[in-house]
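Take a look at the structure set out below.
Ligands are counted one by one from 1 in listed order, and the atoms in each one are counted from 1 as well. Excluded from the calculations below are hydrogen atoms, water molecules and symmetry mates; all remaining heavy atoms, backbone and side chain alike, are included. Note that the structure is predicted; figures quoted are calculated from it, not measured.
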Amino acid sequence: MSDTPRRALSSLRSQRWLAGDGMRPFSHRQRLQQRGQDRDAFLGRPVIAIVNTWSDLSPCHAHLRERAQSAREGVLQAGGYPVELPALSLGEVMVKPTTMLYRNLLAMEAEELLRSHPVDGAVLLGGCDKTTPGLIMGALSMGIPAIYVPAGPMLNDRYRGERVGAGTHTRKFYDEYMAGNVTPDEWIRLEQRMTRSPGTCNTMGTASTMTAIAEAMGFTLPGASSIPAMDSSHPRLAWASGRRIVDMVWEDLTPSRVVTPDAIANAVVVYLALGGSTNAAIHLLAMAGRAGVPLTLDDLEAAAKRIPVLANLFPSGDKLMEDYHYAGGLRALLNEIRPHLKLDALTVNGRTLGENIAGARNEDPEIIRTASNPVAANGALAVLRGNLCPDGAVMKPAAASPHLMKHRGRALVFESAADMARRIHDPALDVDENTVLVLRHAGPVGAPGMPEWGNLPIPKKLLERGVRDMVRISDARMSGTHYGTCVLHVAPEAAVGGPLALVQTGDLIELDVEARRLHLAIDEAELAKRRAAWRAPERPYSRGFARLYIDHVTQANRGCDLDFLMGTEPTPEPPIY
Ligand code: FES
């Protein structure tokens, strides 16, 4: 129990359900006793939800049932009453068309699960890409004390003596397979590699970026974000988080006290120092929007210019998450970028970020680089502007090819992912290494859900000639585990009439990353003529959540949240009669 003043039992929201002599509290207590415990199990105790995104189709979360048990034991030891609530699991690879379509659904579900039940605090179990922002967005909007337990990265793998990373090497090996350098037998053998255990992708992809951001924002216990899923430290983390949330409830340590402008600033710094996934730009904007903290693409761009990339991890570097954990993990990295941090920011353990990183040691400066020997002086993110992306587009220079950073090429336009899949490997396709591949109708509204289609495959005939990268432009996203000169998140997207909708095959496109410029080289009169002739495409869904999403999703430069969920306007507590 901490020394912080403890709030009164009567102020806990669960007491609205459980305390008193009326028929409703009677039936609530009666129903809880159906679980086989008497009233002493829950009366006078904070009720803690363990929100669990486990499912059989989310292998990254395969161990979260056991971790929920550890969290439960922690809650019980600290004098709370644990209740497990399942939530949308969002296994990144299995869910189609994309988990991004459902991030906001998870956020809504988490918020409403917590609101509609008699709970005082929450342990959030997630980790695969969208579950971290989804759960945190929901918890921010609900506003009761909450602590995040990331699933942790899967174990490292090696193939022919080399480290191989989930996601990153899938694309690498596939390109070699298409180029004829990997045999069909070897391709089948490779299927068993790279995913050696439960846990999230072991590169600095979206999952690892987002869990690090959660820790930097103060939403996890110190050091949580890099603990390998199968390390015995991991159940201890879940147990300790279960213990801690009970005190957080007594202290009324709500997310709004943790996720402040300083916490968001720290999250931005960590994202960039890690050379994290471009997806994090969208999720950061969305989480800041839920916290009521102003944040724009321009803020990210300004920070990206001054923050060096220090984490030598795939896809920007050549190591994996397990290496990074042994090197000291996020606490060590935070220590290296101390001058850029707001050290007084409060975290869920009741201490400041500065206190949490005191004494952190960098055990391997080859993996966690120092500011004097960075992986890149900057380059985690570039925000581009120009007549092709008036509201911005992003790319990750650290994962792109230096020879393509300034490029002028002829556009080859694909109207949709289906069009691209149909034609990209056609031997008759009119394409060479200087062509700029353009994919549209792959954005938040157009796809819908903005799938990770932005890393367009290199045409087979170019792979066979040794080409491994090309300039690719889309209103889609790209997996954080992937690499390449891919301009992503073009806003506004084509489906809502953004200029990307007006590009024609054969147009010249100019990319200048140094100048942060993306330009369609046609004159204004021609552009105006095409704009006047543009008609909105038919929307692919007329019912269900996808319909709600299409009608309310914001563009990438605003975080792709649903417009009616942004901001901090409170929702009333549910009436109990
Ligand atoms: Fe779950 Fe990569 S697929 S983290």
- Message: Taking 4.0 angstrom as the limit and counting only heavy atoms of Val93, give me the atoms of ligand 1 inside it, by number and element.
- Response: 3 (S)
- Message: Quick one: does any side-chain atom of Asp231 pair with a main-chain N or O of Pro228 as donor and acceptor, under 3.5 Å?
- Response: no
- Item | Distance-only polar pair, side chains of His441 and Ser416, donor-acceptor under 3.5 Å | no
- Message: Quick check on contacts: which atoms of ligand 1 are under 4.0 angstrom from a heavy atom of Cys128?
- Response: 1 (Fe), 3 (S), 4 (S)
- Task: Would you mind running through ligand 1 and noting each atom that sits below 4.0 Å from a heavy atom of Cys201?
- Result: 2 (Fe), 3 (S), 4 (S)
- For ligand 1, which atoms have a heavy atom of Cys60 less than 4.0 angstrom away? 1 (Fe), 3 (S), 4 (S)
- Taking the six-membered ring of Tyr177, is NZ or CZ of Lys172 closer than 6.0 Å to its centre and within 45° of its axis? no
- Item | Polar contact flag, side-chain donor to acceptor under 3.5 angstrom, Ser241-Arg244 | no
- Atoms of ligand 1 less than 4.0 Å from Asp129 heavy atoms? 2 (Fe), 4 (S)
- Candidate list Asn312, Asn202, Asn156, test side-chain hydrogen bond (donor to acceptor under 3.5 Å, both in side chains), partner Asp323, passing option: Asn156
- Query: Which atoms from ligand 1 have a heavy atom of Ala207 less than 4.0 Å away?
  - Reply: 4 (S)
